[in-house]
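One structure below.
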Amino acid sequence: RVIEHHLTTIWSEAQCRIYAPKSSGRLHPAFTAAGFDLAIVDERADHGRGGQWLANLLHRPDFPPVIYLVANDDTRALPQGVADCFVRDRIDHARFANAAHAAVDQRQMMRQRLHNGPDYLGGCRFNDVVIQGHRHVRELAAGAGGGSAKVYLAESEAAGEMVVLKVLHIEEEGNERSTLAYARFMQEYDLISQIRHPNVVRILDLGIADDHAYIAMEYFPKGDLRERLSEPIEPRLALKWLAQMAAALEAVHARGVLHRDLKPGNVMLRADGSVALIDFGIAKYSHAKTSLTAAGAIFGTPYYMSPEQGHGENVDERSDLYSVGIIFYEMLMRKKPFLAPTPMGVIYLHRKAPVPILPDELGALQPLISGLLAKKPAERLASAAALSQEVERLRKSEAFA
């Protein structure tokens with residue numbers, strides 16, 4: 001905060017971002033801080049590994065100038081590339097201001113050179129679309145958002161971080177499939193942008209042009225729950241993540257929105273150990289009189305569908321709770337409760353097979369599983385709020401304290 005005070009005294013409009021390795025983990029290898037003018041590294045950061053961070057950052061191409069903070073005066077030579085060095089607890093403001101001004105001036109010249117260089121637009125190309133201000137890193141997925149959208153990992157200058165960029169190619173007018181894909185794409189933005197919750201993915205930017213539209217979303221370096229399921233998950237951790245999913249659904253359902261595609265691949269893991277829900281591409285407003293899916297159409301993933309969703313019937317918030325119950329069971333048991341050779345076989349089992357029974361050592365969680373996976377919505381937990389209360393009670397119980 002002292003450093004921030006120095007900077008805002010120099011530039012009242014300065015925006016400072018604090019990066020804490022303990023909660024945020026390692027920087028992505030492709031991150032170049034393109035949206036920043038100056039970086040300040042503390043020698044004591046990350047349990048005294050600030051020097052390692054400094055060396056790493058100085059080797060990144062086109063990284064902004066770095067001011068290094070040390071614990072005490074010593075005669076060590078500064079690494080080549082450091083803009084200046086200060087004793088952390090004895091910063092002379094005038095000298096710091098001069099160093100910061102010089103570094104920012106250097107950064108402005110660097111940025112002009114980069115933006116006017118021959119490779120800049122090429123680095124902003126996502127297949128056949130150029131999105132300035134976003135540097136292409138790699139493609140993550142194709143065929144999202146109704147088959148026309150592609151998903152990329154990119155660095156956003158405006159956001160100052162790595163982002164997931166979902167890019168939709170807009171085809172010629174009159175193409176019904178393209179029109180529907182665009183409607184779903186914009187609906188996804190509309191839904192998520194209204195929800196500000198720590199367990200729902202953050203939307204960072206939206207762009208629309210004649211031939212494409214894009215959404216820039218939060219990037220999750222730890223991947224998704226589907227990958228994490230390859231390792232055992234302790235019941236206490238499963239309950240913690242279930243509580244966060246329930247909290248997210250409380251916020252989502254309060255907006256009158258149903259997710260309709262909850263599955264481990266749509267539960268993302270943050271570096272701080274929390275989870276967030278993503279992919280609202282087939283979500284819908286529960287009160288909407290019209291829908292982007294045909295009446296009786298089945299959308300979602302069969303392994304995680306409620307019986308009513310699998311049969312194309314009307315669904316409400318309790319359908320999402322059923323899907324969360326399947327995810328919770330899979331976290332506990334490392335296997336899906338209902339398996340069959342075909343998707344329709346799985347859908348049949350959701351409706352007809354008995355609720356799965358947990359082993360004796362997990363018996364305290366059986367009422368929760370039964371309350372989430374009841375075949376009839378009326379027999380399930382009534383709401384995400386009710387689920388949150390039940391999970392909180394279990395987490396405080398002797399079995400999981």
Side-chain angles (χ1 to χ4, degrees), residues 24-25 28 134 137-154 156 159 161-168 181 184-207 213-229 240-255 257-285 292 299-301 303-305 309 317 319-324 326-328 330-331 384:
S24 300
H28 191 280
H134 294 83
V137 175
R138 63 185 175 92
E139 185 172 329
L140 296 175
S148 301
K150 292 189 176 181
V151 182
Y152 302 89
L153 176 62
S156 166
E161 60 186 270
M162 305 300 292
V163 300
V164 171
L165 206 63
K166 182 178 282 190
V167 182
L168 177 72
R184 287 181 183 153
F185 189 88
M186 294 307 299
Q187 176 181 270
E188 179 174 15
Y189 170 79
D190 181 54
L191 292 176
I192 311 177
S193 62
Q194 295 182 45
I195 300 169
R196 302 285 182 175
H197 191 275
N199 301 116
V200 175
V201 61
R202 290 181 294 119
I203 291 288
L204 303 170
D205 194 14
L206 169 71
Y214 71 84
I215 301 173
M217 296 179 283
E218 176 183 5
Y219 168 63
F220 298 90
K222 285 206 162 185
D224 58 37
L225 181 58
R226 176 182 52 189
E227 298 167 351
R228 178 65 176 80
L229 286 169
K240 173 185 173 181
W241 285 344
L242 179 62
Q244 293 176 8
M245 286 183 257
L249 285 180
E250 281 191 70
V252 170
H253 292 167
R255 288 280 182 177
V257 174
L258 307 178
H259 189 286
R260 300 201 301 173
D261 195 22
L262 291 167
K263 56 188 178 182
N266 286 339
V267 180
M268 308 304 294
L269 308 180
R270 289 201 180 94
D272 65 0
S274 64
V275 300
L277 303 184
I278 67 163
D279 201 349
F280 288 72
I282 66 169
K284 66 171 289 188
Y285 288 106
L292 295 178
F299 283 82
T301 305
Y303 291 121
Y304 304 94
M305 281 183 184
Q309 184 178 2
E317 290 87 349
S319 180
D320 280 345
L321 296 186
Y322 184 95
S323 300
V324 165
I326 298 289
I327 295 171
F328 183 53
E330 193 170 357
M331 283 195 287

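- In this structure, Glu188 and Asp279 have side chains that are in contact, with non-hydrogen atoms separated by less than 4.5 Å.
- Here the OH-CG distance, from Tyr214 to Leu206, works out to 7.5 Å after rounding to the nearest 0.5 Å.
- Arg255 places a side-chain N or O within donor-acceptor distance of the main-chain N or O of Gln194, the cut-off being under 3.5 Å.
- The minimum heavy-atom distance linking Leu269 with Leu225 is given by the pair CG-N, 4.3 Å.
- A donor-acceptor contact shorter than 3.5 Å is absent between the side chain of Ser274 and the backbone of Arg270.
- Heavy atoms only, all atoms of each residue included: Tyr322 and Tyr304 are closest at CD2-O, 4.4 Å.
- Here CG of Leu204 is found 8.0 Å from NE2 of His134. Values are rounded to the nearest 0.5 Å.
- Summarising the geometry, atom CD1 belonging to Ile278 is positioned 13.5 Å from atom CZ belonging to Arg202; distances are rounded to the nearest 0.5 Å.
- Judged purely by atom type and a 3.5 angstrom limit, Trp241 uses its side chain to pair as donor or acceptor with the backbone of Gly273.
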Next on the checklist: Would Tyr219 and His28 count as a ring pair (Phe, Tyr, Trp, His ring centres under 6.0 Å) here? Give the steps.
Outcome noted: CA-CA 10 Å; Tyr219 168 63; His28 191 280; 5.7 Å; yes

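- Listed here is the closest heavy atom pair of Val200 and Ile192: CG1-CG2, 4.1 Å.
- Atom CD1 in Ile326 sits 14.5 Å away from atom NZ in Lys263 (nearest 0.5 Å).
- When the options Asn266, Val324, Val267 are evaluated for a side-chain contact (heavy atoms from CB on, under 4.5 Å) with Leu277, the one that passes is Val267.
- Under a 3.5 Å cut-off, the side chain of Gln244 and the backbone N or O of Val275 do form a donor-acceptor pair.
- Here NE2 of His253 is found 5.5 Å from CG of Leu258. Values are rounded to the nearest 0.5 Å.
- In this structure, the side chain of Asp272 does not engage the main chain of Ser24 through any donor-acceptor pair within 3.5 Å.
- Ala246 approaches Ala384 most closely through the heavy-atom pair O-CB, 3.6 Å.
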Checklist entry - Could you go step by step and tell me if Asp224 and Arg226 meet the salt bridge (charged side-chain N to carboxylate O under 4.0 Å, His left out) rule? => result CA-CA 5 Å; Asp224 58 37; Arg226 176 182 52 189; 3.1 Å; yes

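- Summarising the geometry of Ala276 relative to Pro198, their closest heavy-atom pair is CB-O, 4.5 Å, with the distance given to 0.1 Å.
- Summarising the geometry, atom CG belonging to Asp205 is positioned 8.0 Å from atom OH belonging to Tyr189; distances are rounded to the nearest 0.5 Å.
- Side-chain atoms of Gln309 come within 3.5 Å of backbone atoms of Arg260 as a donor-acceptor pair (strictly under, hydrogens ignored).
- Considering only heavy atoms from C-beta on, Leu229 comes within 4.5 Å of Glu330 through its side chain.
- Of all heavy-atom pairs between Ile203 and Ser193, the closest is CG1-N, 4.2 Å.
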